[in-house]
Amino acid sequence: MNRIQLITFAALALTAGGCAHSKSAPHSAATPASSKPVASVVHVPFSQLAAVDVPELRWKYTPEEIATECAQAETTATGELAKLVAQPDAQRTFASSFDAFEQIMTDYTDRVTRLSFLKEVHPDAKVRAAAANCEERSGKFFVEVGARKDLYLAMKGYQANQGKTEPLAPIDRRLLEITMRDFRRNGLALSDADRAKLVEIRSQIAKLQTEYSANLDNDTSSIEATAAELAGLPASYLARLKKAPDGKYIVTTKYPDYYPLMENARAEELRKREYLAFNSRQTEKNLPLLTQAVALRADAAKLLGYANHADFVTETRMAKNSAEVISFLKKLGTELEPGAAALDKRMLALKRKETHDRHAILQVWDWRYYMREIREQDFKLDDEAIRAYFPAPKVLAGMFQVYSTILGVSFDPVANPNVWADGVRLYEVHDRTPGGGGKLLAKFYVDLFPRPGKYGHAASMPIGISREVKSGYQIPLSALVVNFNPPASGKPAHLSVDEVETLFHEFGHIMHMSLTTVPYNSLAGANVDVDFVEAPSQMMENFVYQPEVLRLITDDPAHPGQPMPASLMATIAKARTWNAPVRYRRQDFLARFDMFIHTEGDHVDVDAADHRLRQEITGYPVDPSEHFAASFGHMMGGYDAGYYGYLWSKVFA
């Protein structure tokens with residue numbers, strides 16, 4: 001399963017309200033009792049709104065400029081919030097209270113998101129560090145705003161006056177409901193002392209999360225191996241590896257190096273070394289950070305009257321409470337066990353036969369390798385041979401055609417775009433439905449290949465805010481950031497089937513963010529319950545295995561210009577789910593680990609929990625030198641007590 005990060009400050013900092021800028025009527029005084037109440041916010045149908053392009057992004061910043069602009073954004077927002085608070089309660093309207101709050105916080109979010117995004121992609125380490133500092137500062141500011149009693153009382157002032165009579169559209173009622181709910185969850189029902197304590201706790205958490213993420217982005221872990229040790233890896237893999245002074249190959253812990261090695265390296269000792277390096281990244285720095293964050297989350301939950309952090313998180317999601325999640329995961333684990341046990345038995349038999357050791361046991365660094373062998377045996381599928389059918393340019397063009405057909409849009413490349421690194425591309429999304437008139441709907445960047453300091457996984461990242469403004473609808477801007485094998489020797493990159501599925505999945509997130517018509521950003525696009533947010537993207541994965549789609553995204557290396565043979569298409573589709581019990585058992589472990597550390601209070605040993613639950617759920621022995629929790633980025637990127645959402649939303653997908 002793909003690892004996704006949706007970077008949203010609301011999820012990170014648990015802000016009160018959201019961040020949107022709706023088209024509204026001029027702010028007015030209280031409606032006279034003798035007149036018919038009139039809504040102070042009037043929404044124009046999306047079809048009648050002009051597309052408002054996002055301001056062009058800057059990429060050439062100095063660290064000092066980032067710090068200055070981040071501070072200026074905070075100063076501006078603080079001044080606007082002061083004006084909101086100063087208005088007399090009797091004169092408040094929805095437009096001058098809830099909508100105004102949304103406008104102010106959207107303007108702020110729009111500015112700092114553009115700066116913080118640089119942390120994930122910018123080639124300059126100093127710029128990335130400054131962007132991380134801005135993210136940390138903005139996270140603290142969001143926490144402070146969300147817990148401001150004067151803002152809460154201003155909203156209550158509207159409810160006590162105009163709020164009793166002003167007619168509101170359903171979307172406005174929803175915004176009011178969410179804003180007041182989040183004020184409560186940010187401690188406005190607490191004493192001043194406890195609320196101040198909550199703000200301090202959440203500010204610390206925001207700082208810890210930024211540090212944890214930055215440590216992973218800047219990680220340079222690697223191992224060295226001889227050509228003989230790398231037996232089983234294709235020549236194309238070795239050709240792109242750098243070499244150490246002694247002639248050995250340097251294998252990084254980035255995805256393009258890690259997964260092929262774990263699936264193809266015949267030497268168990270090499271698989272073990274790479275696995276332990278991958279699962280021990282940033283151990284000394286990040287284990288303490290996660291441990292602190294888990295304890296602080298538990299403290300915050302107790303302050304707010306929740307039994308644990310997981311109950312706090314799930315209250316506003318589809319699951320509603322941690323008990324429901326744990327029940328769901330245990331039921332799933334029970335149903336997966338027979339199939340997983342049967343596959344474990346087959347893999348163990350293969351290992352004992354290959355090693356001539358009838359006492360050999362299956363290790364955690366073995367399963368990807370032997371799963372690949374079983375797949376080749378049962379379906380006669382060679383992953384490296386299949387990769388040759390998926391040239392990245394063909395896959396990307398074919399994927400665009402699929403999404404274009406399904407969604408009634410076009411994806412048009414922008415010539416000579418302003419980008420942060422070579423190879424990054426920018427596209428416009430246009431409405432191609434009957435009567436759509438080719439309206440500009442969104443823009444997105446595509447950043448496909450790894451480089452030092454870049455975000456290391458696969459993610460869909462919002463950059464520019466979508467919202468209704470007075471001049472129309474400000475289109476969303478996002479970035480598809482993945483790490484596939486780069487082109488080599490002048491030839492295009494080729495993708496594995498899993499990478500193709502990742503691309504379709506991530507682009508599903510991009511479309512979820514892009515094709516929104518909601519006036520308030522806090523309710524728009526992918527700003528849905530986190531245990532549903534993966535459903536649209538997971539749904540789109542299914543298209544990868546359809547013959548009609550495979551004909552669009554493949555090219556037969558033996559017959560250029562022709563698609564993959566139909567028989568191979570059928571085999572790939574048939575082979576899609578055979579290993580599901582083992583794959584989803586791993587997801588079950590990850591979700592249960594997340595639930596455990598966020599339900600056990602403030603003294604959880606995250607490393608010990610990882611080791612115990614991994615062996616208990618997967619059955620594989622745990623090497624004491626592995627420390628996976630130090631690199632489980634979801635736990636510090638907005639998915640805390642929410643990782644179960646991947647499995648939960650899969651049901652709907």
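Side chains are part of it too, since the values below use all heavy atoms of this structure and drop only hydrogens, waters and symmetry mates. Fair warning: this is a prediction, and the values are worked out from it, not measured in the lab.
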Classify the side-chain pair Asp107/Gln103 by whether it contains a donor and acceptor separated by less than 3.5 Å.
no
Heavy-atom distance under 4.5 Å between the side chains of Asp602 and Lys302, does that happen here?
yes
Atom CG of Asp531 and atom OH of Tyr639: how far apart are they, to the nearest 0.5 Å?
10.0 Å
So, do Phe142 and Tyr108 have ring centers that fall under 6.0 Å from each other?
yes
Kindly write out the residues that satisfy side chain to side chain contact (heavy atoms under 4.5 Å, CB included) with Ser625, not counting sequence neighbours, or none if the list is empty.
Leu276, Asp623
Can you give the donor-acceptor pairs under 3.5 Å from side chains of residues 147-157 to other protein atoms, not counting sequence neighbours?
residue : atom : partner : partner atom : Å
Arg148  : NE   : Asp150  : OD1          : 3.1
Arg148  : NH2  : Asp150  : OD2          : 2.8

Could you walk me through whether Gln538 and Ser649 satisfy the side chain to side chain donor-acceptor pair (under 3.5 Å) test, starting with their C-alpha distance in whole Å, then the side-chain angles of each, then the deciding distance to 0.1 Å, before giving a yes or no?
CA-CA 8 Å; Gln538 289 174 332; Ser649 60; 3.0 Å; yes
Can you confirm whether Leu188 sits close enough to Arg184 that some side-chain heavy atom of one is under 4.5 Å from a side-chain heavy atom of the other?
no
Between the CG atom in Asn218 and the NZ atom in Lys285, the distance rounded to the nearest 0.5 Å is 8.5 Å
What distance separates Leu304 CG from Asp311 CG, expressed to the nearest 0.5 Å?
12.5 Å
Using side chain to side chain contact (heavy atoms under 4.5 Å, CB included) as the criterion, list what pairs up with Glu200, not counting sequence neighbours.
Gln204
Counterpart residues, side chain to side chain contact (heavy atoms under 4.5 Å, CB included), relative to Lys345 (two or more places apart):
none
Centre-to-centre under 6.0 Å for Tyr455 and His457, is that the case here?
yes
Under a 3.5 Å cutoff, is there a donor and acceptor pairing between the side chains of Asp257 and Thr252?
yes
For residues Val530 and Val533, report the shortest heavy-atom separation together with the two atoms involved.
O-CG1, 3.3 Å
Given the ring of Phe312, does Arg185 sit roughly above its face, with NZ or CZ under 6.0 Å from the centre of the six-membered ring and within 45° of the axis?
yes
Could you measure the distance from the CE atom of Met318 to the CZ atom of Phe652? Nearest 0.5 Å is fine.
3.5 Å
Residues Asp640 and His309: side-chain donor-acceptor under 3.5 angstrom
yes
Do Glu263 and Trp367 make a side-chain contact, defined as non-hydrogen atoms from C-beta onward lying under 4.5 Å apart?
no
Could you tell me whether the side chains of Asn527 and Tyr520 share a donor-acceptor contact shorter than 3.5 Å?
no
Does any pair with a residue in residues 196-216 pass ring pair (Phe, Tyr, Trp, His ring centres under 6.0 Å), and if so which ones, sequence neighbours excluded?
none
Atom CE of Met105 and atom OG1 of Thr109: how far apart are they, to the nearest 0.5 Å?
5.5 Å
Just to verify, what does Tyr370 make a ring-ring contact (aromatic ring centres under 6.0 Å, His included) with, not counting sequence neighbours?
none
If only atom types and distance count, is the side chain of Ser191 paired as donor or acceptor with the main-chain N or O of Asp194 below 3.5 Å?
yes
Are Arg271 and Tyr369 in a cation-pi setup, meaning NZ or CZ lies under 6.0 angstrom from the ring centre and within 45 degrees of the ring axis?
yes
So, do Thr253 and Tyr258 sit near enough that their side-chain heavy atoms are less than 4.5 Å apart?
no
Holding to ring-ring contact (aromatic ring centres under 6.0 Å, His included), I want the full list of residues that pass it with His512, two or more places apart in sequence or in another chain.
none
Residues that Asn215 engages under side-chain hydrogen bond (donor to acceptor under 3.5 Å, both in side chains), provided they are two or more places apart
Asn286
Just to verify, what does Arg137 make a side chain to side chain contact (heavy atoms under 4.5 Å, CB included) with, not counting sequence neighbours?
Cys70, Ala71, Glu74
So do Leu270 and Val251 actually touch side chain to side chain, heavy atoms under 4.5 Å?
no
Parallel, tilted or perpendicular: ring planes of Phe589 versus Phe593, cut at 30 and 60 degrees
tilted
Under 4.5 Å between any side-chain heavy atoms of Asp588 and Tyr644, yes or no?
no
Ignoring hydrogens and angles, state whether a donor on the side chain of Ser460 or Glu506 is under 3.5 Å from an acceptor on the partner side chain.
yes
Hey, what do you get for CD1 (Ile205) to CZ (Arg297), rounding to the nearest 0.5 Å?
6.0 Å
Lys320 atom NZ: more than 12 heavy-atom contacts under 6.0 Å
yes
For Lys119 and Ser213: C-alpha separation, side-chain torsions, deciding distance, then whether side chain to side chain donor-acceptor pair (under 3.5 Å) applies.
CA-CA 9 Å; Lys119 173 177 75 77; Ser213 175; 3.0 Å; yes
I'd like to check Phe278 versus Lys254 (side-chain heavy atoms, cut-off strictly below 4.5 Å). Are they in contact?
no
Please name all residues satisfying salt bridge (Lys or Arg N to Asp or Glu O under 4.0 Å) with Asp110, sequence neighbours left out, ordered by chain then number.
Arg114, Arg467
Under the side-chain hydrogen bond (donor to acceptor under 3.5 Å, both in side chains) rule, collect the residues that match up with His627, sequence neighbours excluded.
Asp607
Quick one: does Met636's side chain get under 4.5 Å of Glu211's, heavy atoms only?
no
For a quick check under 3.5 Å, do Gln282 and Ser631 share a side-chain donor-acceptor pair by atom type?
no
Could you tell me whether the side chains of Tyr620 and Gln363 share a donor-acceptor contact shorter than 3.5 Å?
no
Would Asp447 and Lys454 pass as an ion pair if we require N to O under 4.0 Å?
yes
Both conditions, 6.0 Å and 45 degrees, for the charged tip of Arg612 above the ring of Phe596: are they met here?
yes
Would you say that more than 12 heavy atoms from the other residues, nucleotides or ligands in this model lie under 6.0 Å from the CD of Glu284, or not?
no
Residues in salt bridge (Lys or Arg N to Asp or Glu O under 4.0 Å) contact with Asp594, at least two apart in sequence or another chain
none
For residues Glu534 and His505, is any side-chain donor paired with an opposing acceptor at under 3.5 Å?
yes
Looking only at the aromatic ring of each residue, does the gap between the centers of Phe632 and Tyr643 stay below 6.0 angstrom?
yes
